[in-house]
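Notes follow the structure.
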Amino acid sequence: MIERVQIERVLERLPVVEAMLSDPATAAKQSRYRELLREHSTLKRIEGKALAYLDAVKRIAENGAMADDDADPDLAAMARAELAELEAALPELERELRVALLPPDPDAARNAVIEIRAGTGGDEAALFAGDLFRMYNRYCEGRGWKIGVLDSSPGEMGGLREAVFMVEGEGAFGVLRFESGGHRVQRVPVTESAGRIHTSAATVGVFPEAKEEDDIQIPADEVRVDIFCSSGPGGQGVNTTYSAIRVTHLPTGIVVQCQDERSQHRNREKAMNVLKARLLDVRRQEEAARMGVTRRTLIGSGDRSQRIRTYNFPQNRVTDHRINVTLYSLDRFVEGNLGGLLDALRDHDVEQRMRAELERGGDRGVGS
């Protein structure tokens, strides 16, 4: 059972947030204002779940007292009937409240930076990487999210050797973060004359877009910037203008490049944004390691060397190995119908986080 004092400790923040939202000085700082709006929405959701839960607890106690009333058998019978309904509903009400009370992921609402790279499998791996890019593109289009390609390198027989793109949309990172890892495909390549099934792979990395408040400082002497001609489709101007930018972060060896824009300045700005996202991810991993955090509350580690999913085309099957879910609808899945599996991954992650909170005493809430 969730203690009332735990709920009150979280909800005492609500009037504070509402006061800040009504302050004209807050409205002048748009990033802070949006952050407070998200917190207010979370707190109001908790308030609604809490009221429903506490009302059920109160009515259970009231009906429990009336159920043994020998003076009025009819009233006692009605109380016992309502008591049975309330007791049956209480576990789900408690679960919904516990989910709402989970500490929110501060990065969940951010845009996402996604990197796809062909792995083992030669030309077939590049074709598969291209399929993954198309799959994510279709999914994001369906949600009304905007995709901006920052860099891409085509395969010799089609597909992509690598692609880096930004997904702009509320909650994009929170939804797509579970895609980080190794993706394996089993199918007959178009280059295979004997009809044999080959196995190829691609890796996907998903990072939250860095924001100004993250304070990611990159001294000029820690980066090397190379300028080169853009390549790939885009017309004559793309291939004759030195506008593509490659940025190498010397301390970490991270390399990012952008050739999406005709403007060298815009390409540099985009490349630096991707570099900041990568450095933010490195910082978060280092902080977790120092604290001895096992990241049990996440599905996997986000390590791209971890194989997370298999796409078997002959059997029209897609299997996610982290939650042991298999769908026999791969044809629709690769067309962007990822919603069901992404929901299952999110739900599993929530269950893990709830279990971890209960083990720690479950007394941390919003803003903690």
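Numbering of residues begins at 1 and proceeds along the displayed sequence.
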**Asked** Does F207 have its ring centroid less than 6.0 Å away from the ring centroid of F173?
**Response** no

If the threshold is 4.0 Å, N to carboxylate O, is there a salt bridge linking [X] and [Y]?
| X | Y | value |
| --- | --- | --- |
| R187 | D131 | yes |
| R32 | E35 | yes |
| D55 | K58 | no |
| R283 | D281 | no |
| R309 | E179 | yes |
| E351 | R95 | yes |
| D107 | R177 | no |

**Asked** Would you say N111's side chain and E209's backbone share a donor-acceptor pair under 3.5 angstrom?
**Response** no

**Request:** Without swapping roles, check the side chain of T248 against the backbone of L250 for a donor-acceptor pair under 3.5 Å.
**Result:** no

**Item:** Residue pairs fulfilling salt bridge (Lys or Arg N to Asp or Glu O under 4.0 Å) with at least one residue in residues 41-53, sequence neighbours excluded
**Value:** K44-E47, K49-E96

**Request:** May I have all residue pairs that pass salt bridge (Lys or Arg N to Asp or Glu O under 4.0 Å) and include part of residues 134-156, sequence neighbours excluded?
**Result:** R134-E335, R138-E335

**Request:** Walk me through it: do H321 and I308 pass the test side-chain contact (heavy atoms from CB on, under 4.5 Å)?
**Result:** CA-CA 5 Å; H321 304 291; I308 64 169; 5.9 Å; no

**Complete:** Sorted by chain and residue number, the ring-ring contact (aromatic ring centres under 6.0 Å, His included) partners of Y136 (sequence neighbours excluded) come out as none

**Complete:** The ring-ring contact (aromatic ring centres under 6.0 Å, His included) partners of F133 (sequence neighbours excluded) come to F165

**Prompt:** Passes side-chain contact (heavy atoms from CB on, under 4.5 Å), L342 versus R346? Steps please.
**Reply:** CA-CA 6 Å; L342 292 179; R346 180 203 59 209; over 6 Å; no

**Request:** Before giving the answer on salt bridge (charged side-chain N to carboxylate O under 4.0 Å, His left out), spell out for R13 and E39 the whole-Å C-alpha distance, their side-chain angles and the decisive distance to 0.1 Å.
**Result:** CA-CA 10 Å; R13 170 76 176 163; E39 185 179 359; 2.6 Å; yes

**Fill in**
By side-chain hydrogen bond (donor to acceptor under 3.5 Å, both in side chains), D331 pairs with (sequence neighbours left out) N316

**Request:** Enter the distance from H348:NE2 to D343:CG here, rounded to the nearest 0.5 Å.
**Result:** 14.5 Å

Side chains of [X] and [Y], donor plus acceptor under 3.5 Å:
| X | Y | value |
| --- | --- | --- |
| N267 | E269 | no |
| T319 | T310 | no |
| E18 | H40 | yes |

**Fill in**
For M66, the other hydrophobic cluster members (4.5 Å side-chain criterion, sorted by chain and number) are L75

**Asked** Please walk me through it: do E115 and V204 pass side-chain contact (heavy atoms from CB on, under 4.5 Å)?
**Response** CA-CA 6 Å; E115 298 179 350; V204 176; over 6 Å; no

**Six-ring centre of F228, R246 cation under 6.0 angstrom, axis tolerance 45°** = yes

**Asked** Same cluster for L150 and I227 if Ile/Leu/Val/Met/Phe/Trp/Tyr side chains link at under 4.5 Å?
**Response** yes

**Prompt:** So which of R161, R117, Q257, Q259 actually passes side-chain contact (heavy atoms from CB on, under 4.5 Å) with S153?
**Reply:** R161

